[in-house]
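Reviewing the structure listed below.
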Amino acid sequence: GGVPEDIARKLVRLAAWAAGDEEYRDRGRDVGATAKALASGKTVTSGATLANLVGHEVVSRLGAWLHFSAPRAETKGATATPIIARLSDVEPEQVRWLDTGRIPLGKVTVIDGDPGLGKSTAVLDYAARVSTGAAMPDGSRGDLEGSQGVVILSAEDGLADTIRPRLDAAGADCSRIVALTAMRTATGDDRLVTLDDVAAIEAAIRQVGARLVIVDPLMAYLPGAKNAHRDQDVRIVLSALAKLAERTGCAIVVVRHLNK
């Protein structure tokens, strides 16, 4: 029973396309094999990847439509395999810096402060310096070489009346700076970007060769299912950002208001 395989392929591709997955054409390639694997209780890594892109609820509904059985959850007390790294096998690496001693490359940096102290203006100043290859505020140049791209996620300031004028005033090369403003769904509607949209953020990074990503402020981009007051929820979101930073070599700067 279930949906015919050609329809299943189209459904999976459409879900991935709606999530902004650049490899959406490949997502439906192994639908038949995936269905058999899930039906027999085997783990399917591509299922998890699609879930990360479009959300577990969407994947669960697709699975129900396609008559896929749900992946088995790990039962309480089940034995998990530890992953252990012997430190003698770890090659030491030097930290590389966007702004030496302040903002490392390949890491997440959180800038905390009360509203009105100029945090947003400060991070846009960094964006301008990165886009032109200019020195950092103290005259140092960190480990960047020449002009680099910047990705901005800003929920509080308008692009035309605030962000662009501030960048112009700071001498930015705006051709190297992009803003990720929304996600367009398959129906043509736009929805808010969240930090679950890792694939979309990474696509923007690749598009301009970004070495700096600005998220301003953090709370505006938390996924709806995440509780800003639960430490574990925030850690999960920041962990995904940390992996993105490590994978791309970007400095990801997150702005957080202390009283919001």
Side-chain angles (χ1 to χ4, degrees), residues 9-30 45-56 58-59 62 98 103 105-109 123-124 126-127 130-131 144 146-155 157 159 163-164 167 172-218 220-226 236-255:
R9 292 179 188 275
K10 291 178 181 178
L11 277 171
V12 172
R13 287 197 192 102
L14 183 60
W17 172 81
D21 180 12
E22 291 184 321
E23 298 177 357
Y24 71 91
R25 293 183 180 86
D26 298 329
R27 295 296 178 191
R29 182 175 295 167
D30 299 318
T45 55
S46 60
T49 301
L50 188 62
N52 289 339
L53 286 165
V54 302
H56 290 275
V58 174
V59 170
L62 280 173
L98 184 145
I103 301 178
L105 293 166
K107 311 287 183 184
V108 174
T109 300
V123 294
L124 289 180
Y126 273 116
V130 169
S131 72
L144 291 180
S147 305
Q148 305 290 338
V150 179
V151 175
I152 297 174
L153 284 75
S154 178
D157 295 318
L159 294 181
I163 293 177
R164 176 63 192 268
L167 289 171
D173 178 356
C174 290
S175 68
R176 294 183 176 274
I177 303 175
V178 297
L180 183 55
T181 59
M183 297 291 294
R184 184 149 295 164
T185 68
T187 60
D189 297 321
D190 291 351
R191 66 166 177 82
L192 296 175
V193 179
T194 77
L195 294 180
D196 268 352
D197 295 313
V198 174
I201 299 171
E202 186 165 356
I205 291 171
R206 305 292 184 194
Q207 180 179 326
V208 292
R211 301 306 302 278
L212 172 63
V213 175
I214 295 169
V215 180
D216 183 12
L218 170 64
Y221 289 98
L222 284 180
K226 298 293 189 294
I236 289 172
V237 172
L238 291 180
S239 175
L241 277 187
K243 291 177 181 177
L244 175 64
E246 182 177 9
R247 187 164 64 248
T248 61
C250 272
I252 299 183
V253 175
V254 176
V255 174

Test your reading of the model: is there a side-chain donor-acceptor pair from Arg176 to the backbone of Val208, 3.5 Å cut-off?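 A pair under 3.5 Å: no.
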For Leu192, is there any backbone N or O sitting under 3.5 Å from a side-chain donor or acceptor partner on Tyr221?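 A pair under 3.5 Å: no.
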So which atom in [X] and which in [Y] form the shortest heavy-atom distance, rounded to 0.1 Å?
X: Ile201; Y: Thr194; result: CD1-O, 4.5 Å
X: Ala251; Y: Ile103; result: CB-CG2, 3.7 Å
X: Ser131; Y: Asp173; result: OG-N, 3.0 Å
X: Leu98; Y: Arg211; result: CD1-O, 3.9 Å
X: Cys250; Y: Val213; result: SG-CG2, 4.2 Å
X: Gln148; Y: Gly209; result: OE1-O, 3.8 Å

Step-by-step side chain to side chain contact (heavy atoms under 4.5 Å, CB included) determination, Leu144 to Leu105: CA-CA 9 Å; Leu144 291 180; Leu105 293 166; 4.0 Å; yes
Any chance you could measure [X], atom [atom1], to [Y], atom [atom2], to the nearest 0.5 Å?
X: Ile214; Y: Ile163; atom1: CD1; atom2: CD1; answer: 8.5 Å
X: Leu159; Y: Leu167; atom1: CG; atom2: CG; answer: 9.5 Å
X: Leu153; Y: Thr181; atom1: CG; atom2: OG1; answer: 9.0 Å

Would a 4.5 Å heavy-atom cut-off, applied to side chains only, mark [X] and [Y] as touching?
X: Leu218; Y: Leu195; value: yes
X: Met183; Y: Asp196; value: no
X: Val253; Y: Tyr126; value: no

Among all residues two or more places apart in sequence or in another chain, which pass the salt bridge (charged side-chain N to carboxylate O under 4.0 Å, His left out) test with Asp189?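 With neighbours one apart ignored, the set is empty.
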For residues 239-247, run the donor-acceptor check on the side chains, cut-off 3.5 Å, and write out each pair with its distance to 0.1 Å, sequence neighbours left out.
{"residue": "Arg247", "atom": "NE", "partner": "Glu202", "partner atom": "OE1", "Å": "3.2"}
{"residue": "Arg247", "atom": "NE", "partner": "Glu202", "partner atom": "OE2", "Å": "3.4"}
{"residue": "Arg247", "atom": "NH2", "partner": "Glu202", "partner atom": "OE1", "Å": "2.8"}

